[in-house]
Amino acid sequence: MIQFGLRLHDAEKLPIEQVLPLVRQKGFSCVHLALSKSLKEVPNTPSALTPGYAAYLRRLFAKNELDIAVLGNYLKEKYYAHIRFASLLGCGMVGTETGAPNAEYKFCPECRSDAALATFITNFKPVVRCAEQYGVTIAIEPVVRHIVYDARRARTVLDEIGSPNLQILLDPVNLLNMIHFKDFLLQDADGQLAATGAGQGGMGDYRTILRFAKEQKPYVFATLENTTPENAVQCLQYLQKQYDEC
């Protein structure tokens, strides 16, 4: 059995108390929660992530029979607070990306350098140790324009840090414990790609990874990305059909 989820910031732009029932009604069983994107009306600074806030969210998600599959965080200064908050929420993991060696978080030639990878590993080790102390899994997502841009670099990070609390988020379009599903469109004559919901573009067949999940990852969280409120159910049904056929 696979547990399909939705990025909460891809759902309707409503208060969380109103949007969670809609997400559940559409057939999703979990969500990817990025506090700064889904709860903009509430402070999300490290000092705002209190036990009371976590308890409120935990009750709210339980009431709507939804799990928090991943707590997303992409800012280094918020790593530790999000790890602590994840432990209070009881969510699946804290998910992050490896970014670029510049303040703009943009691709540059140095992204591909061994020096950038070594610096990332050095800086990320204490973050993973913190995750271990809180009993939280932290996962990095390889992205072609980031420091960890392929499977070999991801393997290096896993081996160098050497922790069971460090895992991988796999996004098939961007290049398994948690799986992201989306699709792609050819945007122009130069071959530039634009992300879209699963089944809405040119990828088509997800059976290989779905079969892997079915055979080796029981009840794995698998979140859909780049859906819209209008096509989320269609994307879910598209993947569910392929999963059932595996």
Margin query: Side chains of Y238 and Q200 only: does a donor on one sit below 3.5 Å from an acceptor on the other?
Written below: no
Checklist line | Shortest non-hydrogen separation from D10 to P229 and the atoms involved | finding: O-CD, 3.4 Å
Next item on the list: Specify whether H180 and H32 have parallel, tilted or perpendicular ring planes, treating 30° as the upper limit for parallel and 60° as the lower limit for perpendicular.
Entry: tilted
Checklist line | Considering all heavy atoms, the nearest L224-C235 contact | finding: CD2-CB, 3.7 Å
Next item on the list: Find out whether T227 and T196 are in side-chain contact, i.e. whether some heavy atom of one side chain is under 4.5 Å from a heavy atom of the other.
Entry: no
Note to self: Please find the pair of heavy atoms, one from T50 and one from S47, that lie closest to each other, and give the distance.
What the structure shows: CG2-O, 3.7 Å
Item checked: Test item: E141 and I168 side chains (from C-beta on) under 4.5 Å apart, heavy atoms -> no
Check: Which pair of heavy atoms, one from K125 and one from E160, lies closest together, and at what distance?
Finding: CE-O, 3.7 Å
Next item on the list: Could you check if a side-chain atom of T223 sits within less than 4.5 angstrom of a side-chain atom of L6, using non-hydrogen atoms only?
Entry: no
Item checked: Which atom of H82 lies closest to which atom of L71, heavy atoms considered -> O-CD2, 3.5 Å
Notebook entry, point to check: Is it true that Y79 and F124 have ring centroids separated by less than 6.0 Å?
Noted result: yes
Item checked: Salt bridge R152-D150, side-chain N to carboxylate O under 4.0 Å -> no
Check: Could you go step by step and tell me if E132 and S163 meet the side-chain hydrogen bond (donor to acceptor under 3.5 Å, both in side chains) rule?
Finding: CA-CA 8 Å; E132 291 173 345; S163 172; 2.5 Å; yes
Check: Do L35 and Y53 come close enough that some side-chain heavy atom pair is under 4.5 Å?
Finding: yes
Check: Any Lys/Arg nitrogen of K214 or E245 sitting under 4.0 Å from an Asp/Glu carboxylate oxygen of the other?
Finding: no
Next item on the list: Report yes if the side chains of L20 and L60 come closer than 4.5 Å at any heavy-atom pair, otherwise no.
Entry: yes
Item checked: Side-chain touch V136/N165, heavy atoms, less than 4.5 angstrom -> no
Check: Do the side-chain N and O atoms of E65 and S29 include a donor-acceptor pair separated by under 3.5 angstrom?
Finding: no
Next item on the list: Flag the pair H146 / F107 as yes when their ring centroid distance falls below 6.0 Å, and as no otherwise.
Entry: no
Checklist line | Stacked cation flag R112 on Y149, 6.0 angstrom / 45 deg | finding: yes
Next item on the list: Taking the side chain as every heavy atom from C-beta outward, state whether V31 and F221 have any atom pair closer than 4.5 Å.
Entry: no
Next item on the list: May I ask you to check whether K76 and N123 show a side-chain donor-acceptor distance below 3.5 Å?
Entry: no
Next item on the list: Please check if atom CG in D114 has more than 12 non-hydrogen atoms from other residues, nucleotides or ligands closer than 6.0 Å.
Entry: no
Margin query: If you compare all heavy atoms of R58 against all heavy atoms of S87, which two are closest, and at what distance to 0.1 Å?
Written below: NH1-O, 4.5 Å
Item checked: Side chain proximity check, L39 to L8, heavy atoms < 4.5 angstrom -> no
Next item on the list: Decide if atom NZ of K241 counts as having more than 12 heavy atoms of other residues, nucleotides or ligands within a radius under 6.0 Å.
Entry: no
Note to self: Please report the interatomic distance CD(E110) to CG(L117), rounded to the nearest 0.5 Å.
What the structure shows: 14.0 Å
Notebook entry, point to check: Hey, do the aromatic rings of Y206 and Y243 have their centres closer than 6.0 Å?
Noted result: no
